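Since the structure comes first, as structure tokens, the remarks are kept for the end.
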Amino acid sequence: MKLSYHGHSVVKIETGDFTILIDPFISGNGQTDLQVGDVSPTHIVLTHGHNDHVGDTIQLAKEHGALVIATFELADYLETQGAKTHGMGIGGARKFDFGHVKFTQAFHSSSYTDDQGTVHYTGMPAGVVLTIEETTIYHAGDTGLFSDMKLIGEQGIDVAFLPIGDNFTMGPRDAARAVEFIEPRIVVPMHYNTFPPIEQDPEHFKSLVHSADVQILKAGEEVQN
Ligand code: NI
Ligand code: MN
């Protein structure tokens, strides 16, 4: 399995014949190394409806026939836009051909603004726990700190992608507390430096974490397992 980070909250997983993109915000993402024309996902996993997470999903799903896995209302909306989707709910898990996906809670909001500026309700925001080739990955999406992260950690997390940008999500201090709750082997900070309100120094976050291997990845770099 190849697990790589691509700026903001974009994560790519390559396993066997499958390419899974999480939150593929590529167009307008000044932090990413990806080009929309260069990626061909078989699956897209979305944490919530905000445009900096849905990103290029509709175009990618239509061009490549990728299955979009998202919370029920978001999946429903994307289905009306021509994407093939699979809707799920918080706490629900399912085995897909590439691996196992479970949706977790996140404390945030969720809506999608279309090209005409109309805002669509897209249900609950979420995090996702993916188990692929015996590696368990927690992508927290956008969230504040919550103590039930301990329950997510009890599932045994190898790699956690945690937002550290503050303002809209956890900042470095709360994200470091989250690491204590989750107890992952490896942590990758995300959702920072894309926009002025989320400017952060990931080294500051790293200095606050003592119980996990913090890997500060540049866009395009792979997690060192
Ligand atoms: Ni958001
Ligand atoms: Mn966001």
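Bear in mind that the values here come from a model prediction, so they are computed numbers and not experimental data. Only heavy atoms go into these numbers, but all of them, side chains included; no hydrogens, no water, no symmetry mates.
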Suppose we screen for ring-ring contact (aromatic ring centres under 6.0 Å, His included). Which residues come up paired with Tyr5, at least two apart in sequence or across chains? none
Per the salt bridge (Lys or Arg N to Asp or Glu O under 4.0 Å) rule, what does the pair list look like for residues 79-107, sequence neighbours excluded? none
Please write out which residues are connected to Met124 in a hydrophobic cluster, directly or through intermediates, given that two of Ile, Leu, Val, Met, Phe, Trp, Tyr count as joined at side-chain heavy-atom separations below 4.5 angstrom. Ile90
Inter-residue atom distance Leu74.CG - Ser111.OG, 0.5 Å rounding: 10.5 Å
For residues 206-225, pull every pair meeting ring pair (Phe, Tyr, Trp, His ring centres under 6.0 Å), keeping only residues two or more places apart or in separate chains. none
His50 and Tyr112 aromatic centres sub-6.0 Å: no
A side-chain contact here means heavy atoms from C-beta on lying under 4.5 Å apart; do Ile13 and Ile132 qualify? yes
Given the rule that I, L, V, M, F, W and Y join up when any side-chain heavy atoms are under 4.5 Å apart, are Leu151 and Ile182 in one cluster? no
Go through it in stages, so that I can follow the logic: the residues are Thr136 and Leu130, the test is side chain to side chain contact (heavy atoms under 4.5 Å, CB included), and I'd like the CA-CA distance, side-chain angles, deciding distance and then a yes or no. CA-CA 6 Å; Thr136 300; Leu130 310 180; over 6 Å; no
For Phe96, ring-ring contact (aromatic ring centres under 6.0 Å, His included) partners two or more places apart: His86, Phe98
Establish whether Tyr121 and Val54 are linked, either directly or via other cluster members, by ILVMFWY side-chain heavy-atom contacts under 4.5 Å. no
Where at least one partner belongs to residues 111-129, residue pairs that pass salt bridge (Lys or Arg N to Asp or Glu O under 4.0 Å), sequence neighbours excluded: none
Atom OG1 of Thr113 and atom CG of Asn51: how far apart are they, to the nearest 0.5 Å? 5.0 Å
Is any side-chain heavy atom of Lys12 less than 4.5 Å from a side-chain heavy atom of Ile20? no
Only pairs at least two apart or in different chains count here, so list each salt bridge (Lys or Arg N to Asp or Glu O under 4.0 Å) that has a residue in residues 163-190. Asp158-Arg185, Arg177-Glu180
Within the structure provided, determine whether Val39 and Leu21 are in side-chain contact (heavy-atom separation under 4.5 Å). yes
Between Thr42 and Leu67, is a side chain to side chain contact (heavy atoms under 4.5 Å, CB included) present by the stated rule, with each step listed? CA-CA 6 Å; Thr42 55; Leu67 179 68; over 6 Å; no
Shared hydrophobic cluster, Ile58 / Val45 (ILVMFWY, side-chain heavy atoms < 4.5 Å): no
Sub-4.5 Å side-chain heavy-atom contact between Ser211 and Val179: yes
Phe161-Val187 co-clustered via ILVMFWY side chain contacts under 4.5 Å: yes
I'd like to know if the side chain of Thr122 pairs up with that of His120 as donor and acceptor (distance under 3.5 Å, no hydrogens or angles considered). no
I'd like to know whether Val11 forms a side chain to side chain contact (heavy atoms under 4.5 Å, CB included) with Leu3, so could you lay out the CA-CA distance, the side-chain angles of the two residues, the decisive distance to 0.1 Å, and finally the verdict. CA-CA 7 Å; Val11 171; Leu3 176 61; 3.7 Å; yes
Would you give the length of the straight line joining atom CE of Met88 to atom CD1 of Ile69, rounded to the nearest 0.5 angstrom? 7.5 Å
If you measure from NZ on Lys206 to CD on Gln215, what distance do you get to the nearest 0.5 Å? 8.0 Å
Ring pair (Phe, Tyr, Trp, His ring centres under 6.0 Å): which pairs involve residues 172-191, sequence neighbours left out? His8-His191, His53-His191
Please check this pair: side chain of Gln35 against backbone of Asp33, looking for a donor-acceptor N/O pair closer than 3.5 Å. no
Donor-acceptor list for residues 196-205 side chains, cut-off 3.5 Å, not counting sequence neighbours:
| unit_1 | atom_1 | unit_2 | atom_2 | d |
| --- | --- | --- | --- | --- |
| Gln200 | NE2 | Gly165 | O | 3.3 |
| Asp201 | OD1 | Glu203 | N | 2.9 |

Smallest separation among heavy atoms of Ile164 and Pro172, with atom names: O-CD, 3.3 Å
Does anything in residues 52-76 pair up under salt bridge (Lys or Arg N to Asp or Glu O under 4.0 Å), and if so which pairs, sequence neighbours excluded? none
Using a 4.5 Å cut-off on heavy atoms from C-beta on, say whether the side chain of Ser9 contacts that of Ile22. no
When every non-hydrogen atom of Leu60 is compared with those of Pro24, the smallest separation belongs to CD1-CB, 4.1 Å
Heavy-atom side-chain contact between Asp142 and Pro125 under 4.5 Å: no
List for me each residue that meets side-chain hydrogen bond (donor to acceptor under 3.5 Å, both in side chains) alongside Thr15, sequence neighbours excluded, and say none if there are none. Glu133
Atom pair CZ (Phe168) and OG1 (Thr194), whose distance is rounded to the nearest 0.5 Å: 10.0 Å
What pairs of residues pass the ring pair (Phe, Tyr, Trp, His ring centres under 6.0 Å) test when at least one of them lies in residues 124-146, not counting sequence neighbours? Phe107-Phe146
Taking all non-hydrogen atoms of both residues into account, name the closest pair between Gly7 and Ala219 and its distance. N-CB, 4.0 Å
Taking every non-hydrogen atom, the tightest pair across Thr32 and Ile26: CG2-O, 3.8 Å
Which pair of non-hydrogen atoms, one from Ser4 and one from Gly220, has the smallest distance, and what is that distance? CB-O, 4.4 Å
Are Ile152 and Val128 connected in a single hydrophobic cluster, I mean Ile/Leu/Val/Met/Phe/Trp/Tyr linked by side-chain heavy atoms less than 4.5 Å apart? yes
Just do the side chain to side chain contact (heavy atoms under 4.5 Å, CB included) check on Met149 and Thr143 with the steps written out, would you? CA-CA 11 Å; Met149 283 179 175; Thr143 187; 3.9 Å; yes
Between Met1 and Thr135, is there a side-chain heavy-atom distance shorter than 4.5 Å? yes
Any heavy-atom pair between the side chains of Asp148 and Gln105 that's under 4.5 Å? yes
Looking at every heavy atom in both Pro163 and Thr169, which two are closest together, and how far apart are they? CB-OG1, 3.5 Å
How many angstroms lie between NE2 in His64 and OG1 in Thr19, if you round to the nearest 0.5 Å? 10.0 Å
